[in-house]
Amino acid sequence: MAMLSSNCSSLRSETTFFSSISSPFSGDNLRRIACRPSKLYAGASSRRCRTSCSAAASVSSSVNGRTKEGLKDFLHISDFDKETILGILDRAVEVKAILKSGDRTFLPFKGKTMAMIFAKPSMRTRVSFETGFYLLGGHAIYLGPDDIQMGKREETRDVARVLSGYNDIIMARLFAHQDIIDLAKYATVPVINGLTDYNHPVQIMADALTIIEHIGRLEGTKVVYVGDGNNIVHSWLLLASVVPFHFVCVCPKGFEPDEKTVEKARNAGISKIEITNDPKEAVVGADVVYTDVWASMGQKGEAEYRRKVFQGFQVDEDLMKLAGPKAYFMHCLPAERGVEVTDGVIEAPNSIVFPQAENRMHAQNAIMLHLFGL
C-alpha cells in the first residue's frame with residue numbers, strides 16, 4: 001500500500017469517509033486534490049470490517065511515468081453524476097439489443113485485452129465479463145487467486161503497473177476495498193471494481209438496468225432490500241446519492257449498513273432513504289423486493305448464528321403478498337433457497353433474478369464502453 005505524504009496523513013485514517021458524495025469538488029475534496037493531485041482518497045471501516053472505502057476515481061496517474069489522463073476508473077457509482085449513470089444504462093439497452101439481434105459486427109473492443117483479477121471466485125462475474133468482452137471483439141484473461149495473490153506474493157502497485165503494460169483495462173474482484181483503490185492508483189489503464197467487501201457497483205448497475213426494463217424507469221421507484229446491510233446495500237446507497245428513488249434497507253438490529261455511507265447518502269438530498277428493522281411494514285408498496293445471502297463469502301463461519309438472528313427476514317410468499325401484486329423480486333445470486341428466500345418466491349412469475357443475472361454482462365459492456373470513450 002502506498003503511503004501518503006505527511007501533510008496528508010489524516011487521509012489514512014480508517015474512520016475517514018467521503019467528504020462529499022453529491023459533489024466531488026467540495027472544499028474538502030479540493031483540499032485532498034491539493035495534497036495528492038493524482039487521486040481523491042478516503043477510507044472507512046465498519047465494526048464488521050466490511051467498509052473500507054474511497055471518495056472518487058482519479059482522472060490522472062503518473063506514478064509509472066505514463067499518464068492516465070482522461071481515463072476514469074469504475075470504483076463507486078457515486079464517482080459519476082446522474083447524467084453519466086443514466087447514459088451508461090441507456091447504452092447498455094442499445095448494446096444488449098444489438099447482441100440479442102444476433103448481429104456480431106459490432107466489435108468496439110477488437111484488438112483490446114482485459115486482465116481479470118479474482119481474489120474471490122465467482123461464476124457470474126467471470127462469465128459475464130469474459131463473454132461480454134469477447135462478444136464485442138476483445139480478449140479477457142482470467143487470473144485466479146493462485147495466479148497473483150495480490151498484496152501477498154506481489155505488491156499491488158507492482159501488479160497494477162505490470163498488467164497495465166499488457167492490457168487495455170483491468171477488472172478486479174477482491175476482498176479489501178483498499179486493494180481496488182491501490183490498484184487504480186498505480187494502474188495506467190482503467191480499473192473496474194468487480195466487487196469488494198465494501199461495495200459491488202457493477203451488480204447495482206445491472207440491477208438498475210433490470211428495473212428500467214421491467215418497470216420503465218428507475219427514478220421514483222421504491223426498492224426494499226431485506227437482509228444483511230452488506231456491500232450490495234452500500235452500492236444501492238451510493239446509487240441513491242446520484243439518482244432519485246426510494247431505498248429502504250430492512251435488517252436485524254446490529255446488521256445495519258455502514259453508518260457513514262448512510263449519512264453521506266442522506267446528506268446528498270437526492271433520494272428518500274430508510275433503515276428499518278420491520279420487514280412486513282417496509283415492503284408495503286414496494287416496486288422491488290431485493291435480498292442477498294445472509295452470510296457472504298468470508299462470513300460462512302457465522303452462517304448458523306446468522307440464520308438464528310435473521311429469523312423473520314426471509315423473503316417468502318407472505319412477505320411478497322404484503323408488497324403487493326406489482327412488486328418484483330430480485331436477488332444478486334447465488335441464492336440459498338429456503339434460507340433468505342423461498343423456492344416459491346424465486347420461481348414465481350414476478351421473479352426477475354435471471355434477467356437480472358444476464359444484465360450483468362450488458363451493464364458491464366456499457367461501463368467498459370464508457371471508460372474507453374467509445
Side-chain angles (χ1 to χ4, degrees), residues 14 44-53 118-126 144-146 173-177 179 194-200 203-204 207 223-237 248-259 261-262 274-283 286 288-323 329-348 351 353-354 356-357:
E14 284 296 313
S45 62
S46 74
R47 58 188 175 279
R48 294 189 297 278
C49 300
R50 294 188 304 202
T51 61
S52 175
C53 49
F118 282 82
K120 288 185 177 184
S122 170
M123 176 181 74
R124 269 157 299 280
T125 299
R126 178 179 180 180
D146 295 329
R173 181 178 171 91
L174 309 170
F175 284 93
H177 193 68
D179 288 342
L195 174 143
T196 66
D197 287 347
Y198 173 68
N199 70 337
H200 196 357
Q203 176 66 59
I204 269 50
D207 297 343
V223 178
V224 180
Y225 175 97
V226 182
D228 184 32
N230 59 16
N231 51 5
I232 292 292
V233 176
H234 296 153
S235 287
W236 274 114
L237 288 166
V248 184
C249 173
V250 52
C251 50
K253 291 181 179 179
F255 291 86
E256 293 87 355
D258 175 60
E259 292 178 3
T261 306
V262 175
E274 297 181 84
I275 311 298
T276 74
N277 308 114
D278 185 346
K280 292 181 179 179
E281 180 180 333
V283 298
V288 171
V289 177
Y290 193 120
T291 194
D292 189 9
V293 292
W294 291 341
S296 300
M297 197 176 299
Q299 298 173 330
K300 296 306 180 182
E302 305 174 22
E304 288 304 316
Y305 167 72
R306 284 173 174 256
R307 286 194 185 196
K308 294 177 182 177
V309 174
F310 280 75
Q311 289 302 310
F313 288 82
Q314 183 187 72
V315 179
D316 56 18
E317 289 82 346
D318 290 338
L319 195 65
M320 290 303 297
K321 285 179 182 177
L322 289 174
F329 173 72
M330 299 179 74
H331 193 304
C332 54
L333 300 179
E336 293 190 62
R337 298 182 185 222
V339 182
E340 77 275 2
V341 60
T342 62
D343 190 73
V345 167
I346 209 168
E347 294 292 347
S351 170
V353 297
F354 298 109
Q356 176 188 1

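Note that these values count all heavy atoms, side chains included, but never hydrogens, waters or copies made by symmetry.
The closest side-chain heavy-atom distance from Leu333 to Phe354 is below 4.5 Å. Looking at Leu237 and Tyr225, their side chains never come closer than 4.5 Å, going by heavy atoms from C-beta outward. Counting only heavy atoms from C-beta outward, the side chains of Thr125 and Gln203 never approach each other to under 4.5 Å. Using a 4.5 Å heavy-atom cutoff, the side chains of Leu195 and Ser122 are not in contact. Looking at heavy atoms from C-beta onward, His177 lies out of side-chain contact with Asp197 at the 4.5 angstrom threshold. For the pair Asp207/Met330, a side-chain contact is recorded, criterion being any heavy-atom separation below 4.5 Å from C-beta on. Residues Gln356 and Phe329 have side chains not in contact (no heavy-atom distance under 4.5 Å, counting atoms from C-beta outward). At a threshold of 4.5 Å between non-hydrogen side-chain atoms, the residues Gln311 and Pro252 do not count as touching.
Within the structure, salt bridge (charged side-chain N to carboxylate O under 4.0 Å, His left out) pairs that include any residue of residues 336-347 comprise Lys300-Glu336, Arg307-Glu336, Arg337-Asp343, Arg337-Glu347 (at least two apart or interchain).
The backbone N or O of Gly312 sits nowhere less than 3.5 Å from a side-chain atom of Gln314 that would complete a donor-acceptor pair. Panel note: side chain Arg306, backbone Ala295; no donor-acceptor pair is recorded below 3.5 Å. Judged purely by atom type and a 3.5 angstrom limit, Ser351 uses its side chain to pair as donor or acceptor with the backbone of Ile346. Listed for the His331 side chain is no donor-acceptor partner under 3.5 Å among the backbone atoms of Val353.
With Cys332 as reference, Asp292 is the one residue of Thr291, Ile204, Asp292 to meet the side chain to side chain contact (heavy atoms under 4.5 Å, CB included) rule. Here the rule is side chain to side chain contact (heavy atoms under 4.5 Å, CB included) with Trp236, and of Asn231, Val248, Val223 only Val223 fits it.
Counting non-hydrogen atoms of other residues, nucleotides and ligands closer than 6.0 Å to OH of Tyr305 gives a total of 12 or fewer.
Shortest non-hydrogen contact noted between Asn230 and Ser296 is ND2-OG, 3.9 Å. A pairwise comparison of heavy atoms in Cys251 and Gly229 identifies CB-N, 4.5 Å as the closest pair. The nearest pair of heavy atoms linking Val250 to Pro279 is CG2-N, 3.3 Å. Taking each heavy atom of Phe310 and Asp228 in turn, the nearest pair found is CE2-N, 3.4 Å. Considering every non-hydrogen atom in both Asp316 and Leu319, the closest pair reads OD1-N, 2.9 Å. His200 and Ser235 make their closest contact through N-OG, 2.7 Å (heavy atoms, listed as atom of the first residue, atom of the second, distance).
Residues passing the salt bridge (Lys or Arg N to Asp or Glu O under 4.0 Å) test with Arg126, sequence neighbours excluded: Glu130.
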For this session: Check the pair Val309, Trp294 against side-chain contact (heavy atoms from CB on, under 4.5 Å), reporting the backbone distance first and the verdict last.
Result: CA-CA 10 Å; Val309 174; Trp294 291 341; over 6 Å; no
For this session: Give the C-alpha distance, both sets of side-chain angles, the deciding distance and a yes or no for side-chain contact (heavy atoms from CB on, under 4.5 Å) between Glu274 and Val224.
Result: CA-CA 9 Å; Glu274 297 181 84; Val224 180; over 6 Å; no
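Atom NZ of Lys120 is separated from atom OG1 of Thr196 by 7.5 Å, given to the nearest 0.5 angstrom. In this structure, Glu256 CD and Thr276 OG1 are separated by 9.5 Å, a value rounded to the nearest 0.5 Å.
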